[in-house]
Amino acid sequence: MNMEYKPQEIEPKWQKYWQDHKLFKADDFSKKPKKYFMVEFPYPSGAGLHVGHARSYTALDASARKSRMEGNNVLFPMGWDAFGLPTENYAIKNGIHPAQATEKNIANFKRQMKSLGFSFDWSREINTTDPKYFKWTQWIFLKLFEKGLAYQAEIPVNWCPSCKIGLANEEAVGGKCERCGVQVEQKNLKQWMIKITEYADRLIDDLDKVDFLDKIKAQQINWIGRSSGTEVYFKVKDSPEVIKVFTTRADTLFGVTAVVLAPEHPLLASLVTKKQKDSVDQYIREAKKKNEFERENIEKEKTGVFTGSFCINPINGNLVPVWVGDYVVSSYGGGAVMMVPAHDYRDYDFAKKYELNIKEVVSGGDISKEAFVDYGKLVNSGDFTGLNSEEAIKGITAWLGKNKLGSEAIKYRLRDWVFSRQHYWGEPIPIVHCEKCGTVPVPEKELPIELPYIEKYQPTGTGESPLAAISDWVNIKCPKCGGPAKRETDTMPNWAGSNWYFMRYCDPENNKALADPKKLEYWLPVDWYNGGMEHTTLHLLYSRFIYKFLYDIGASPTSEPYQKRTSHGMVLAEDNRKMSKSFGNVINPDDIVRDYGADALRVYEMFIGPFDQAIAWSTNGLKGCYRFLEKVYARAKEGEESVPDAESDENKKKLNRLINKTIKRVSQDADNLKFNTAISALMIFMNESSGLHLQKSEEEKEIFSKFLVILSPFAPHLAEELWREIGHKDSIFEEKWPQYDPEMIKEERVKIMIQVNGRVRGEIEVEENIPKEKAEELAISDEKVKNWIVGKDIKKVIFIPNKLINIVI
RNA sequence: GCCGCGGUGGCGGAACUGGUUUACGCGUACGACUCAAAAUCGUAUAGGAGUAAUCCUGUGUGGGUUCGAGUCCCACCCGCGGCACCA
């Protein structure tokens with residue numbers, strides 16, 4: 001055996017062995033209990049694997065390995081989310097086909113993953129850009145279309161002038177393109193939309209069924225933004241029109257002094273009087289110039305113009321003026337609000353500026369100074385005066401309902417999902433536009449609609465995809481009438497392929513269905529899904545939605561796809577910034593594997609901090625973990641040397657207790673995402689067992705073997721190497737996970753601390769479970785303690801068995 | 001503003017249902033080995049007082065509950081993440 005720890009020699013050897021012996025192959029329909037572990041599949045970028053990927057993958061790899069040793073049939077798959085803009089941009093720049101760039105990047109990612117020793121079942125590898133795969137992504141779209149959940153609409157789209165592409169709201173956070181950071185503009189385009197809003201309630205309510213981190217649930221609920229309130233109908237004076245406004249504060253209805261419409265409100269044109277037309281038109285023109293993000297900037301002063309019309313407050317018949325103001329969000333709650341300046345900060349600002357009435361209807365504040373927005377007792381509110389706000393909301397809503405002047409209503413922040421992209425490198429939307437028949441779905445048997453091979457991938461910049469220029473691909477016969485027709489040239493967003501990939505892993509080769517229902521039933525739901533926090537409101541919500549839809553049409557076996565969802569913290573650079581090429585602070589896993597080995601990287605990433613917290617990389621910390629592994633390696637060799645006293649009964653007992661404690665700690669911590677303390681327990685084992693002879697007798701060898709087994713999920717290569725070294729024939733990963741013996745953990749003698757008035761004054765070592773009287777006697781006679789209690793009255797003695805005794809004087 | 005999380009040594013972080021704060025790792029100092037350095041090993045490492053035994057003060061701040069509070073309660077300060085003119 002080599003005397004020096006050389007991970008570079010050990011690691012490739014065992015990686016090959018595991019692969020050749022198919023040790024990590026998941027077995028459909030095995031009688032063992034199934035466990036499905038999944039990490040988010042990566043986008044294979046040109047930059048290669050990030051040490052942050054390694055953190056997530058190592059955690060679930062360790063858990064998957066442990067789970068197999070516990071006797072489970074584990075599915076732990078990997079694939080590629082390979083459609084996307086960076087690849088397309090790279091292809092444009094370098095004049096190669098995106099498919100080639102993708103292939104190259106995947107090969108690199110795969111090599112890197114293999115070098116880290118992850119136990120993926122590579123026989124189930126999938127790739128979203130493979131026509132055999134996206135055939136089913138397109139099939140899902142056809143089903144959505146068939147059920148009326150996919151529709152086209154002319155909508156203002158967030159338009160990135162640099163990428164020349166429409167973006168979903170989620171991709172244009174803060175008004176900047178998620179990809180390139182350029183300021184987004186508004187542009188009206190006909191887009192495919194998916195009615196995710198139809199599932200809003202279920203997406204919230206079903207969170208009760210699953211075991212997601214609380215912050216993940218909270219973010220999803222927040223994003224969907226369900227709020228219940230009242231819709232109030234304001235009849236327009238001298239007009240048949242009715243303005244519907246949404247409010248959560250029906251109790252303030254008597255305080256309405258205006259109604260304000262968003263500039264996009266459909267009724268606006270018909271309400272503007274001749275006299276006001278010029279100023280309203282000008283206002284709308286100005287408002288449209290600002291994009292949605294500027295308008296949503298709350299620092300801005302609120303502005304508006306009177307339309308000239310009045311409407312009737314249904315609760316008291318008062319006439320109130322109708323205004324237009326761009327602080328009203330057009331896409332929420334109907335794009336109209338009732339203005340109650342006395343009890344809303346925004347309305348208060350608006351009323352002050354334009355000298356509108358401020359009428360107090362809820363007491364408790366001083367409205368001459370600022371709006372009073374809390375609940376309180378109603379005043380100036382007709383029959384409802386004197387009620388508190390909660391009662392009044394119910395009462396007024398009921399009254400409106402009875403008189404058909406309003407109703408209870410629930411509104412959501414969630415908008416329908418913009419599903420069109422004007423790009424080449426995505427799944428073509430399987431739709432044909434026929435002059436006669438209109439929008440016609442491609443027949444299922446014609447799927448997949450593959451991407452044509454083209455020379456230029458540049459976006460046209462006209463709002464059309466580059467596909468529009470390929471006339472022999474675009475111009476086809478209508479599948480319905482045979483007449484001339486054109487293919488849809490928009491492609492799907494990069495979320496489309498990741499919506500359902502966990503289903504495909506269950507049956508990756510199937511050409512008749514997206515997966516065999518029996519296999520889905522066997523494997524789903526995913527037992528544990530880990531990924532980045534940044535996907536909580538995008539990917540996670542979308543895929544839950546699509547999965548629920550598939551459940552509704554009988555294509556998936558359960559109502560939720562993921563039983564448990566966790567998120568790992570980011571790995572930041574040593575300088576606490578994000579790792580980025582431009583900062584020059586990127587850690588490449590290849591370098592770490594070359595210099596320290598995969599096991600050191602794995603152990604380090606688990607050890608450095610709580611799994612769900614962001615952490616800064618530390619190369620010194622990594623070295624500490626490398627030293628630990630070196631020690632383990634050296635210990636395996638010590639076997640032949642003799643250490644005095646190692647075989648004494650006392651030492652054997654100590655060693656036995658130590659390994660049992662360590663097994664308990666590592667098992668429990670690993671199950672609770674506390675990988676950092678699991679590693680620390682392994683380190684403690686090494687520290688405390690130093691000097692104890694570990695391999696001479698069979699008994700000691702057995703203890704060291706157990707240690708290797710509990711080390712193996714984290715440092716699989718080293719554990720396998722040493723496992724064979726000390727004489728085992730089969731792979732360590734075919735071994736059973738050890739159980740600890742609770743009897744062995746018990747200490748025979750325990751330390752009891754002695755407190756006087758709650759302050760520690762001494763300590764006695766006694767047999768376990770001694771009675772209070774005896775402990776008290778020993779405590780009082782303790783030399784140190786005597787000094788504190790001499791001459792004082794003992795008022796009370798508190799005794800916690802095996803822990804402490806507190807003497808109160 | 002709303003929602004969620006957090007504040008513990010020089011640093012990353014431990015601390016079970018309230019019971020010896022600072023496990024484990026890093027860093028630092030000193031010592032051993034070496035001609036020397038690196039590596040490795042050993043010892044120390046919250047602050048203060050003291051030759052020492054020992055004592056005092058310490059988990060963001062101020063109160064409270066308790067024999068006893070990092071942990072529970074109240075008020076506040078700061079930081080991070082998400083949402084945000086959503087009525």
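FYI, side chains are in, hydrogens and waters are out, and symmetry mates aren't considered; it's all heavy atoms of this structure. Chain naming here is simple, since letters A, B, ... match the order of the sequence lines and numbering starts at 1 in each.
When distances are taken from the side chain of Arg761(A) to each of rG19(B), rC55(B), rU40(B), the shortest belongs to rC55(B). Comparing rC26(B), rA23(B), rA87(B) by their nearest atom to the side chain of Ile684(A) picks out rA23(B). Out of rG81(B), rA87(B), rC3(B), the shortest distance to the side chain of Gln219(A) is found at rG81(B). Among the nucleotides rA15(B), rC56(B), rC3(B), the one closest to any side-chain atom of Thr677(A) is rA15(B).
Between Tyr327(A) and Phe350(A), the two ring planes are tilted [angle within 30° to 60°]. Using a 30° and 60° split on the angle between ring planes, Phe707(A) and Phe628(A) fall in the perpendicular class, above 60°. Taking the six-membered ring for Trp and thresholds of 30 and 60 degrees, Phe306(A) and Trp323(A) have ring planes inclined between 30 and 60 degrees apart.
Taking 4.0 angstrom as the limit, Trp223(A) places none of its side-chain polar atoms (N or O) nearer than this to OP1 or OP2 of rG4(B). In this model, the phosphate group of rA87(B) is approached by a side-chain N or O of Ser227(A) to a distance below 4.0 Å at OP1 or OP2.
The residue among Lys803(A) and Pro610(A) whose nearest nucleotide of RNA chain B lies closer to the 5′ end is Pro610(A).
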Protein proximity profile, nucleotides 68-76 of chain B - base contact B, sugar-phosphate-only contact S, no contact -, cut-off 4.0 Å on heavy atoms: S--------

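Using C1' as the reference atom, rU57(B) and rC3(B) are 38 Å apart when rounded to the nearest Å. Taking the C1' atoms as reference points, rU66(B) lies 29 Å from rC78(B), given to the whole Å. Taking atom P on both rA44(B) and rA38(B), the two are 22 Å apart, rounded to the nearest angstrom.
With contacts defined as side-chain heavy-atom distances shorter than 4.5 Å, the pair Phe799(A)/Pro771(A) does not qualify. The shortest side-chain heavy-atom distance between Glu40(A) and Ser56(A) does not fall under the 4.5 Å cut-off.
Using a 4.0 Å cut-off between a side-chain N of Lys or Arg and a carboxylate O of Asp or Glu, Asp205(A) and Arg226(A) qualify as a salt bridge.
Defined by atom type and a distance below 3.5 Å, a donor-acceptor pair is present between the side-chain atoms of Thr397(A) and Thr230(A).
A side-chain donor-acceptor contact under 3.5 Å links Asp416(A) to the backbone of Thr197(A). Side chain of Tyr348(A) to backbone of Ile367(A): a donor-acceptor contact under 3.5 angstrom is found.
No hydrogens or angles were tested; on distance alone, a donor-acceptor pair under 3.5 Å links the side chain of Lys302(A) to the base of rC85(B).
Where RNA chain B pairs in unbroken runs of 3 or more (Watson-Crick or G-U, both distances under 3.5 Å), the stems are B:1-7 with B:77-83, B:10-12 with B:24-26, B:27-32 with B:40-45, B:46-49 with B:54-57, B:60-64 with B:72-76.
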